[in-house]
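Chain letters run A, B, ... following the sequence lines, proteins first and then strands; every chain starts at 1.
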Number of protein chains: 2
Amino acid sequence: MSGRFAPRSRRETRAVVLESLLRSGGAFRPLIARDAQLTEASISRILTELRGEDIIEEIRRPAPYVGGPTALVTLSKNIAIAGIELSNDRLSFGIGDLAGTIDYVERMPASPQLKQSEFERLFGNCLATMTQWTGKRGISIRQAALSIPGYSSANTNPIFTWDMKRLRAFLAEVLEGVPLSITNSVIAQAAFHRYSSTAAYPIEGDHLFLFVGHGVAGVVVNETAPIDTFSPFELGHMVIERNGHACRCGHKGCLEAYTSLKAVSKIIGIAESEVLHQGDGFIEALDLGDDIRTSLRERLFLLGLGLGNALNLHPVSSVVISGWPSLMPVGDRDAILEGLDESLLGGFDQDRLKLSFIAPSIGNDPQAALYYAAYCFVRGGGLEAKAEPQAALGENA
Amino acid sequence: MSGRFAPRSRRETRAVVLESLLRSGGAFRPLIARDAQLTEASISRILTELRGEDIIEEIRRPAPYVGGPTALVTLSKNIAIAGIELSNDRLSFGIGDLAGTIDYVERMPASPQLKQSEFERLFGNCLATMTQWTGKRGISIRQAALSIPGYSSANTNPIFTWDMKRLRAFLAEVLEGVPLSITNSVIAQAAFHRYSSTAAYPIEGDHLFLFVGHGVAGVVVNETAPIDTFSPFELGHMVIERNGHACRCGHKGCLEAYTSLKAVSKIIGIAESEVLHQGDGFIEALDLGDDIRTSLRERLFLLGLGLGNALNLHPVSSVVISGWPSLMPVGDRDAILEGLDESLLGGFDQDRLKLSFIAPSIGNDPQAALYYAAYCFVRGGGLEAKAEPQAALGENA
DNA sequence: CACAATAATTACACAGTGTAAATATCATGG
DNA sequence: CCATGATATTTACACTGTGTAATTATTGTG
């Protein structure tokens, strides 16, 4: 009489169990059983299997009540994964384990106008250094993930207009068989913030995660859907003001032309790279002049306007915002609400829309990509890509 | 060595087989086997089961080649389903079978400003008449579907601002156990046009289906996802012109204020209800004056602008448009492209975005809802809601 | 009317998981 | 220190769903 209705392949079951562990950061069996909707019997079988493959560990830790479980199940620290992040000003490589530890990081400056060939060269160099590091230690990477701003499985990227087929071919070649997932930065960010056990998150339930940085991008976090199926919402090039400011995309009046990091850093008079590297309240601490504050509020208003338009298209009842707006004083953020009030159907109403802010985690790259790599490893059940006996043709479903 | 990788419950397998039949309108076994990714052996078992329950029929029809299949499998004509459609000017009830035949229709005028209590009264009356009809014939409805403009599982409806919980409670009560699915009209429309075997459809693959009527709504048709998970895109209340025309929603400059049926019928000088009831090319035939044509082109431009914004948010490579724009002369429709060119990232490019038009199927209500009811019946495997032995709690996954 | 070609059915094996019985572990109290 | 109660963990067995392969059916052709 379990709560499930669809049988699962072994791979799926392993994936469900491992994903539960990734989210919780470690749990006792009864909890895993509930989370994965399996009986203790099945948990027992699966864990035995996973322990044998050194994917999980059971550390002796008796629960503090009579008859309680005796061992805490955690993801193994012996599986190496790699996260690669192309943020707008640098390319970072990292190696870590499933438990969230990062053992190796290398970061190289990368221009926001990076050409594909330059990227390939840069990537090749970093990879070589990394391979040296792993080689020396006899480590083999089980899963890698690369996050790119604007990436989508469709061939359209507003930020890097590269040939995705060529990109995938290049990566497949240089990575020599290491499984690689490519994803949109905003998905990796959202997943990391929402599901990594190390971070606090302001809300639960489906919502829009919005990141305002070089671009303006969001993703609808659907709590019941797998992260790798999330589809990004590229808000930056919504035209919110006909014949408005010129945008780098060639159009006029795009949201990005008003609210990107570049646009606001110009207003503040501080280098882009400086703004996000500061902590929460940084802008408040700056004690900006009144006209600067007013300008920023105008930009936040426009952000709200565009956000409202996006929410009209695809309604959700809460939004989490990360990026420079999160660094603004609470009072100033209200300008977003005013913008929302002009576009969101029915006007802004705090009973119908909950807005939260989280500090941007800049400087932690490639933490999000690393998390995403762990997620992908776990989603595959910790099995090689084609290890499933019945799976021959069917990756396309 | 099949192409599948996930085991299925009996319910799922039945659903897959039945859905294949619904889409094809009838097929020989080898085709079903390929479509459902099952062996002939499994098809045999499933069909035997379904035939026993009178959900499918096998009519003797030898394929015209040696050793070919001998019977054509079709959905049974003995399963009664009901489709209920609330278009903006009427409420229509229909009863039909899985093969697409419609046996009963009743239509009642309904104001676009219909209040919830009025709806309940109207619905009650129509239902009573329908129940009389079914009662007289000893027919019992296996699945009903109701399509409402603007409906979403969230509690926000731009068109009818009703209490959805109350609506569901009301419907559950009056329908006395008949399973009911509620969906957004645009989903039912899209599904009907795309998948019903009776209609031709201009494209294949993922795309945006856009309907421009009283409102402006779309849905991303994801060919690999189940229809009932499609999420509607309510385009109508995107603010495309700050401080523009007043919209009925209270905001200014919404797309709907420019491109809804109401807005354009005012330009043409013909009652709303007349416009869509005409066939393709109707507007061309009208021989409108030059300034009217110009105005309409302006509206199409704005539609393109809003559409471009939506596509920036969620890129797809083709769009199918239904509604009054489909009735416009081909040359005039190009105004949409001009609008797209100003908002769609990278400008409009026919290699990257394919635009198609299909005639709006007004006057066929509740055909789309009826199709959706058939879809829901089939998706449930033709089983009672809770018949699955292992399924007790788990409808929420 | 036998044959070739494919369709349709059926016996059997195997994967995955639940049930329930058997066994293990721990805190507590004598 | 040991029996006890409480819960955890493992294991034997049964059941579902499906593929494989052998068997039987159907049909056009020569």
Only pairs under 3.5 Å count here: list side-chain donor-acceptor contacts from residues 367-377 of chain B, not counting sequence neighbours, and write none if there are none.
| unit_1 | atom_1 | unit_2 | atom_2 | d |
| --- | --- | --- | --- | --- |
| Y375(B) | OH | I227(B) | N | 2.9 |
| Y375(B) | OH | R379(B) | NE | 3.4 |

task = Would you kindly give the CZ-to-C1' distance between R10(B) and dG16(C), to the nearest whole Å?
result = 16 Å
inquiry  = Checking R8(A) now: which residues fulfil salt bridge (charged side-chain N to carboxylate O under 4.0 Å, His left out) with it, not counting sequence neighbours?
reply    = none
Spacing between I46(B) atom CD1 and dT16(D) atom P, to the nearest angstrom = 14 Å
Side chains of residues 67-80 of chain A: which donor-acceptor pairs under 3.5 Å do they make with residues two or more places apart or in other chains?
| unit_1 | atom_1 | unit_2 | atom_2 | d |
| --- | --- | --- | --- | --- |
| S76(A) | OG | D54(A) | O | 3.0 |
| S76(A) | OG | N78(A) | N | 2.8 |
| N78(A) | ND2 | D54(A) | OD1 | 3.4 |
| N78(A) | ND2 | D54(A) | OD2 | 3.1 |

request  = Start with the C-alpha gap between L38(A) and V17(A), add the side-chain angles, then the distance that decides, and say whether side chain to side chain contact (heavy atoms under 4.5 Å, CB included) holds.
outcome  = CA-CA 9 Å; L38(A) 286 165; V17(A) 169; 3.9 Å; yes
request  = Compare side-chain N and O positions of T39(A) against OP1 and OP2 of dT19(C) and report whether any pair is under 4.0 Å apart.
outcome  = no
query = Nearest-Å distance, CD (Q37(B)) to C1' (dG17(D))?
reply = 16 Å
Set out, line by line, the N/O atom pairs under 3.5 Å between protein and nucleotides 7-11 of chain D.
| unit_1 | atom_1 | unit_2 | atom_2 | d |
| --- | --- | --- | --- | --- |
| dT7(D) | O3' | G67(A) | O | 3.4 |
| dT10(D) | OP2 | R29(A) | NH1 | 2.4 |
| dT10(D) | OP2 | R29(A) | NH2 | 3.3 |
| dT10(D) | OP2 | S44(A) | OG | 2.5 |
| dT10(D) | O5' | S44(A) | OG | 3.3 |

ask   = So, is S9(B) close to the dG17(D) phosphate, meaning a side-chain N or O under 4.0 Å from OP1 or OP2?
value = no
note = R11(A) atom CZ is separated from dA15(C) atom P, nearest whole Å, by 16 Å
ask   = Nearest-Å distance, CD (E12(B)) to P (dT18(D))?
value = 9 Å
request  = Tell me, please, which residues at least two apart from E40(B) pass salt bridge (charged side-chain N to carboxylate O under 4.0 Å, His left out).
outcome  = none
remark   = Hits for salt bridge (charged side-chain N to carboxylate O under 4.0 Å, His left out) against E176(B), two or more places apart or cross-chain, chain-then-number order -> none
message = Is R8(B) close enough to dT16(D) that one of its side-chain N or O atoms is under 4.0 Å from OP1 or OP2 there?
response = no
